[in-house]
Protein chains: 2
Amino acid sequence: MKITTKGRYGLRAMVELARNYKEREYQSLRSISENQNIPENYLERLLAKLRKAELIETHRGTQGGYRLIREPADVSVLEILLAVDEPLYLVECTKNATACPQYDRCPSNVVWSKMAKEMQRVARETTLKELL
Amino acid sequence: MKITTKGRYGLRAMVELARNYKEREYQSLRSISENQNIPENYLERLLAKLRKAELIETHRGTQGGYRLIREPADVSVLEILLAVDEPLYLVECTKNATACPQYDRCPSNVVWSKMAKEMQRVARETTLKELL
DNA sequence: TCTATACCCAAGTAAAACAGTTGGAAATGA
DNA sequence: TCATTTCCAACTGTTTTACTTGGGTATAGA
């Protein structure tokens with residue numbers, strides 16, 4: 001029950017971008033991967049997802065790279081996690097009651113969904129700015 | 001990032017035992033596995049862990065089985081999860097700062113540990129009795 | 001227009017974790 | 001002594017994870 005590298009790398013990459021938000025310059029994949037010690041090609045796929053989620057924008061060619069769209073104070077950790085990885089649920093039946101045949105007589109769900117809700121709350125209330 | 005079957009099955013087995021706590025009778029592996037729809041041999045290993053954690057006690061032979069040691073109101077979900085599975089941390093470096101070479105300059109840890117703490121709190125504050 | 005720089009993207013892969021199974025030993029009560 | 005029940009270690013198929021490979025495409029500067 002651990003956060004995967006997708007989530008961890010994704011957040012670290014976003015923190016890296018947030019650091020240089022003010023300059024509005026594009027940061028290359030290579031520089032992010034080197035600064036944060038993340039495998040280049042793997043990180044690329046994560047950045048692609050962050051772009052599709054419209055958290056970052058890109059530019060190709062010389063001097064190209066990645067940069068944040070919104071300011072760090074306006075980007076929550078939850079958004080980042082949802083962009084790069086699966087939703088923050090602890091069991092299948094929490095997000096989809098039909099996934100569990102014995103959903104009705106399964107009192108355990110109460111704990112799992114409470115726990116997930118708290119995790120989500122913390123992630124939603126924490127912004128990139130707070131992590132700088 | 002899901003709770004494994006160890007945690008889910010373990011909790012459900014404990015709920016099952018809690019249901020019959022008052023009678024003080026031993027419930028057989030088979031009956032628990034059938035009532036909760038959990039593979040028998042797999043469940044056996046989980047019950048062994050719960051016994052080692054001194055949450056349940058056992059008796060062999062005819063009319064043998066498993067039963068709770070303490071009353072349901074006195075058993076937290078956290079205890080159960082710790083007994084059958086790994087500690088409730090989201091990243092390695094939260095429980096062990098030396099596991100991460102860049103621990104000091106990694107602001108992301110703050111979120112991970114906050115999230116884990118909230119999960120733990122919910123699990124600690126929820127007892128078996130509340131799930132009945 | 002050529003070329004170096006950088007992002008874009010699909011498919012493949014080794015290793016680890018997960019979820020269970022197999023097969024038997026040991027204790028207990030009738 | 002025998003049916004019942006827990007105890008326990010080793011094995012195994014499947015899925016997920018964490019990457020890697022090998023291309024393609026846009027952009028800027030010489």
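These numbers were taken from a predicted model, which means no experiment stands behind them. Values below: all heavy atoms of this structure, side chains included; hydrogens, waters and symmetry mates excluded. Just so it is clear: chains get the letters A, B, ... in the order the sequence lines come, proteins before strands, and each one is counted from 1.
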Which residue lies more 5' along DNA chain C, comparing A/R30 with B/N41 via nearest heavy atoms: A/R30
B/T4 side chain to B/D85 side chain, donor-acceptor N/O pair below 3.5 angstrom: yes
Selected nucleotide, minimal atom distance to A/T62 side chain, candidates D/dA28, D/dT6, D/dC8: D/dA28
For atom CZ of A/R60 and atom P of D/dG24, their distance in whole Å: 14 Å
Touch class at under 4.0 angstrom, heavy-atom based, for A/E40 against every strand present: nothing
Along DNA chain D (nearest heavy atom to each residue), the more 5'-positioned of A/G61 and A/E44: A/E44
Among D/dT6, D/dC7, D/dC19, the nucleotide that comes nearest once only the side chain of B/S28 is considered: D/dT6
Whole angstrom value for the distance that separates C1' of D/dC19 from NZ of A/K6: 11 Å
Sugar-phosphate only, base, or nothing, as touched by A/Y26 at under 4.0 Å among non-hydrogen atoms: nothing
Presence of salt bridge, B/R24 and B/E57, under 4.0 angstrom: yes
Length of the NE2-C1' vector between A/H59 and D/dT25, whole Å: 13 Å
Nearest-Å distance for atom pair CZ/P, residues B/R67 and D/dT6: 14 Å
Partner of A/I56 under side chain to side chain contact (heavy atoms under 4.5 Å, CB included), chosen from A/R67, A/R51, A/R70: A/R51
Distance, rounded to the nearest Å, where A/E86 contributes CD and D/dT17 contributes C1': 12 Å
Parallel, tilted or perpendicular: rings of A/H59 and A/Y26 (30°, 60°): parallel
Nearest-nucleotide 5' precedence on DNA chain D, B/Q27 against A/R8: B/Q27
Nucleotide range of DNA chain C lying under 4.0 Å from chain A heavy atoms: C/dT5 to C/dA11
Proximal nucleotide (of D/dC8, D/dA10, D/dA18) relative to the B/R45 side chain: D/dA10
Atom pair distance, as rounded to whole Å: CG in A/L43 and P in D/dC19: 11 Å
Salt bridge A/E118-A/K114, side-chain N to carboxylate O under 4.0 Å: no
Same cluster (ILVMFWY, side-chain, under 4.5 Å), B/M14 and B/I69: no
B/R12 with B/E16: basic N within carboxylate O range, under 4.0 Å: no
Spacing between A/R51 atom CZ and D/dA26 atom P, to the nearest angstrom: 13 Å
d(CG, B/L46; P, D/dA9) in whole Å: 15 Å
